[in-house]
There are 2 protein chains.
Amino acid sequence: MSDTPTLIPVHELQMLHDNICQTLGDPKRIQLLYALSQGPRSVNALTELLEAPQSTVSRHLAVLRQRGLVETQRDGTTVVYSLVVPELVVIIESMRGILRKMLAQQLESLSPTS
Amino acid sequence: MSDTPTLIPVHELQMLHDNICQTLGDPKRIQLLYALSQGPRSVNALTELLEAPQSTVSRHLAVLRQRGLVETQRDGTTVVYSLVVPELVVIIESMRGILRKMLAQQLESLSPTS
DNA sequence: GGCTTATATCCGCTTATCCGAATATTCAAA
DNA sequence: TTTGAATATTCGGATAAGCGGATATAAGCC
């Protein structure tokens, strides 16, 4: 009878939320992941790119690192962050695609073709 | 010089966050989307499935509807919700895949093969 | 109209999340 | 070992988000 389960097991759901979903729920973290998809970057570089206070950027990077989505490498006093899970960027791109599609449909509904 | 932009335009980022990312940031909404991926369901059915208070389920469904991810159809006194953007479930599945991969790697790092 | 079922909304409350200035830490060069 | 640059962390406060009992609304039935 039961084929595809209708619910995600609670513990998996919990991990999914804590490690991925919640992480993607902040615009700055999205930008950080997106930026890192083009290659490793120092905190400084990311701070300038995002035009945000250094403490804010560092805090978000720490979140990403704690969740294992990003890793660091020291080079003297600078710390270089790089993406561990590139699939995340694919997901971000998918979401952008969905957004575009939704906006297109909204537009369509305003100016019907037929 | 500049090929792929390193940042997502702020207004797009805003919409992305408000309409999709933030939405996926709540476990109950994930479950609702997941459940709806198997077909339209009444609020009642979803309430029983999630084992959550009816007001909670209804509130989350309202959020999903306001964001255009889900739509409703009345049938007498019952309201049936259905998924408008099935791509969302693909994304959820991708995230589950990432999670599995991450856990596998964690495992691996504990018991090295070589 | 009165009653029942189904859904939506309200409201006070609690918790989660983010912010950014200030401060601490780390490292290397002088 | 003092200084400076880069990064991390602390901390108080603001805002957002979620909760669920209670209540309102809507539709159908008798």
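The environment of CD in B:Glu71 is crowded: more than 12 heavy-atom neighbours from other residues, nucleotides or ligands sit within 6.0 Å.
The CD-P distance, from A:Gln73 to D:dT7, rounds to 13 Å in whole Å. The distance from atom NE2 of B:His60 to atom C1' of D:dA16 is 14 Å, rounded to the nearest whole Å. Counting to the nearest Å, the P atom of C:dC19 and the CG atom of A:Leu61 are 12 Å from each other. Between the C1' atom of D:dT15 and the CG atom of B:Asp18 lies a distance of 15 Å, rounded to the nearest Å. Counting to the nearest Å, the P atom of D:dT9 and the CZ atom of A:Arg65 are 6 Å from each other. To the nearest angstrom, C1' of D:dA17 lies 14 Å from CD of B:Gln66. At whole-Å resolution of the value, CG in B:Leu64 and P in D:dA17 are 14 Å apart.
In terms of the side-chain hydrogen bond (donor to acceptor under 3.5 Å, both in side chains) criterion, A:Gln31 has no residue partners (sequence neighbours excluded). In this structure A:Asp18 satisfies the side-chain hydrogen bond (donor to acceptor under 3.5 Å, both in side chains) test together with A:Gln14, sequence neighbours excluded.
A heavy atom closer than 4.0 Å to some atom of DNA chain D occurs in A:Ser42, A:Val43, A:Asn44, A:Gln54, A:Ser55, these being the qualifying members of residues 41-57 of chain A.
Contact annotation: the side chain of B:His17 never approaches that of A:Ile30 to less than 4.5 Å [non-hydrogen atoms, C-beta and beyond].
Listed by first and then second residue, the salt bridge (charged side-chain N to carboxylate O under 4.0 Å, His left out) pairs that reach into residues 31-47 of chain A come to none, sequence neighbours excluded.
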Only distances under 3.5 Å count here; give the side-chain donor-acceptor pairs of residues 45-60 of chain B to other protein atoms, sequence neighbours excluded, each with its distance to 0.1 Å.
| unit_1 | atom_1 | unit_2 | atom_2 | d |
| --- | --- | --- | --- | --- |
| B:Thr47 | OG1 | B:Val43 | O | 2.8 |
| B:Thr56 | OG1 | B:Arg59 | NH2 | 3.4 |
| B:His60 | ND1 | B:Arg29 | NH1 | 3.3 |

For a quick test of your reading: what N or O donor-acceptor pairs under 3.5 Å do the side chains of residues 88-97 of chain B make, sequence neighbours left out?
| unit_1 | atom_1 | unit_2 | atom_2 | d |
| --- | --- | --- | --- | --- |
| B:Glu93 | OE2 | B:Tyr34 | OH | 3.1 |
| B:Ser94 | OG | B:Val90 | O | 2.9 |
| B:Arg96 | NE | A:Glu12 | OE2 | 2.6 |
| B:Arg96 | NH1 | B:Tyr34 | OH | 2.7 |
| B:Arg96 | NH2 | A:Glu12 | OE1 | 2.9 |
| B:Arg96 | NH2 | A:Glu12 | OE2 | 3.3 |

Result block: side-chain N/O donor-acceptor pairs under 3.5 angstrom for residues 78-86 of chain A, not counting sequence neighbours:
none

Could you go through residues 98-106 of chain B and list every donor-acceptor pair under 3.5 Å that involves a side-chain atom there, pairing it with any protein atom two or more places apart or in another chain?
| unit_1 | atom_1 | unit_2 | atom_2 | d |
| --- | --- | --- | --- | --- |
| B:Lys101 | NZ | A:Glu87 | OE2 | 2.4 |

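Remark on DNA chain C: of its neighbouring residues A:Lys28 and B:Ala62, the 5'-side contact belongs to B:Ala62, judged by nearest-heavy-atom nucleotide.
Minimum heavy-atom separation, A:Asp26 to A:Lys28: OD1-N, 2.8 Å.
Contacts of B:Ser58 with the nucleic acid, taken as non-hydrogen atoms under 4.0 Å apart, include base atoms.
Under the 4.5 Å side-chain heavy-atom criterion for grouping Ile, Leu, Val, Met, Phe, Trp and Tyr, B:Met15 is connected to A:Leu24 within one hydrophobic cluster.
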Seminar exercise, completed: 5' to 3', nucleotides 24-30 of chain C under a 4.0 Å protein heavy-atom cut-off (B base, S sugar-phosphate only, - none) gives ---BS--
Using the 3.5 Å cut-off, write out each protein N or O paired with an N or O of nucleotides 14-17 of chain C and the distance between them.
| unit_1 | atom_1 | unit_2 | atom_2 | d |
| --- | --- | --- | --- | --- |
| C:dT17 | OP1 | A:Gln22 | NE2 | 2.9 |
| C:dT17 | O5' | A:Gln22 | NE2 | 3.4 |

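One finds no side-chain N or O of B:Arg59 lying less than 4.0 angstrom from the OP1 or OP2 phosphate oxygen of D:dG18. Residue B:Tyr81 places at least one side-chain N or O under 4.0 Å from the OP1 or OP2 atom of C:dA8.
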